[in-house]
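This chain uses plain numbering: 1 for the first residue, then up along the sequence.
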Amino acid sequence: MRVTWTGAAQLSFRLDPEDEITGRASDDYPIKLSINSCSITGVPEDAHPDLYALAAWTVVAPWTRRRVTFDRAISAELAEVLHDGFGVEAGPVGAERRRPGARLAISYSGGADSVAAATMYPDAPFVHFQRVAHPRVPNRWSHYRSDVLAKLAAKTGRELTTVGSDLEYTLAEPRPGYPEHHAVAAGALLLADQLDLGGLGFGYELGSRWLGGDRYLGRFTPDNPMWAPHGRWGRLFAAAGLHIVLPVGGVSEAVTMRLALGSPLREQVRWCLQGVDGPCRKCGKCFYKELIQAAVERRPLDSPMKAEHPSVRKYLKKPPYGGQEMIQYGLSRVPGIEKTVLAPALDYFDVSEEATSWLDHCYPPALAEIPEPWRAEAAAFVEANVGLMTESEVRQVETWGSGAEA
């Protein structure tokens, strides 16, 4: 793979003979390449070469097999992690390593998890990624309202930089999206020097970090390749002087929902990618988050979606599946759930509140993973607003997927 940056942030790349247009992201999801160029707007022209290299790698990694050649020299430390973590030879080598800045920024999407992370660090600036049109690729997802999400981010009153990019159109299949999940940080990476960043906070929570998430195996994943600080992506970001920080990595989506709805940013919370004046109430994300919100607020489920909708039907099957801990949580707490489309799922779970009480507290090792400059603030917030898991609750996390967690 040969990578070239033109101007501030026009990225193009050329496959080597051994590279392939069909690849797999780090979560093993199959993706197919559509086009070998993209752009990023709103970023400076003088970022450290390691930041340019890492931003490019979040885009080209799935299709790179043996080597990646950048258009400027990178540090030996970054090249070493690319070799040891991803099995590729990277170069040329010759730059000094970037030293971390002093500040933490939040990679801000506006969803409940992201808002909860932002609430833990009220002084942290936001970097918001906005999908924009590609000049040569038709938009097959016009219902995805990135403009609405960007406008909501602008209403938060927080220090905000919105980065526009068409990098999601590098995917032909399954749809426009991030080649790697970390590509959402491409703009933040190129802004890291300008903003003096040493850490970037993401809204990934307990299910994504420790319990597998949608695309992983449904089991306890302490060595999660995507988000563990000792994993290959965590080490790569650290080598570029921008640590991955998961402020809510130890709490469930029930906790992030509660924190988000109780925060000063409540009016800007929007997890739906399709609604204009509010959630569309027709997509899978709306249904899933409505169940969690209803559980947190102890009220009946309010959704027009029927059992035959694919996004509902998948929760009527026998688990395991991604997010099942939150389905069980909702089934345990939503009044009148036995009269809703989810009634058949009651047969698969222990729906006593006691069985899911661990999801109301924080898994302690997640706090230990937060880099030292920002750990104490997160720990104090968790102590005051969430509380830590007991030993038996910790076992619920660490036996997840083994059959012993129920």
Taking the basic N atoms (NZ, or NE/NH1/NH2) and the acidic carboxylate oxygens, is any pair closer than 4.0 Å for [X] and [Y]?
X	Y	value
E353	R298	yes
D113	K289	yes
E77	R235	no

Once rounded to the nearest 0.5 Å, what's the spacing between atom CG of L273 and atom SG of C283?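 Atom-to-atom, L273:CG and C283:SG are 7.0 Å apart.
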So, taking the atom named CG in L160 and the one named CD1 in I106, what distance separates them when rounded to the nearest 0.5 Å?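 L160 CG to I106 CD1: 12.5 Å, rounded to 0.5 Å.
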Taking side chain as C-beta onward, heavy atoms only, is L388 less than 4.5 Å from L367?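 Result yes, sub-4.5 Å side-chain heavy-atom pair found.
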Can you confirm whether the side chains of [X] and [Y] place a donor and an acceptor under 3.5 Å from each other?
X	Y	value
D360	Y329	yes
Q293	E297	yes
S26	R232	yes
S208	E205	yes
T4	R14	no
T64	D19	no
R333	T356	yes
N139	Y144	no

Please say which of E18, E20, E89 ends up in a salt bridge (charged side-chain N to carboxylate O under 4.0 Å, His left out) with R65.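 It is E20; the other options fail the test.
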Taking the six-membered ring where the residue is Trp, are the ring centres of [X] and [Y] under 6.0 Å apart?
X	Y	answer
W400	W358	yes
Y121	F381	no
W233	F86	yes
W227	F202	yes
Y178	Y29	no

Applying side chain to side chain donor-acceptor pair (under 3.5 Å), name anything that partners [X], two or more places apart in sequence or on another chain.
X	answer
Y363	E398
E45	none
Y348	none
R158	none

Using ring-ring contact (aromatic ring centres under 6.0 Å, His included) as the criterion, list what pairs up with F237, not counting sequence neighbours.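 Applying ring-ring contact (aromatic ring centres under 6.0 Å, His included) to F237 gives H182.
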ring-ring contact (aromatic ring centres under 6.0 Å, His included) partners for F126, two or more places apart: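 Residues passing ring-ring contact (aromatic ring centres under 6.0 Å, His included) with F126: Y108.
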Worked check of side-chain contact (heavy atoms from CB on, under 4.5 Å) between V397 and L211: CA-CA 7 Å; V397 176; L211 302 183; 4.0 Å; yes
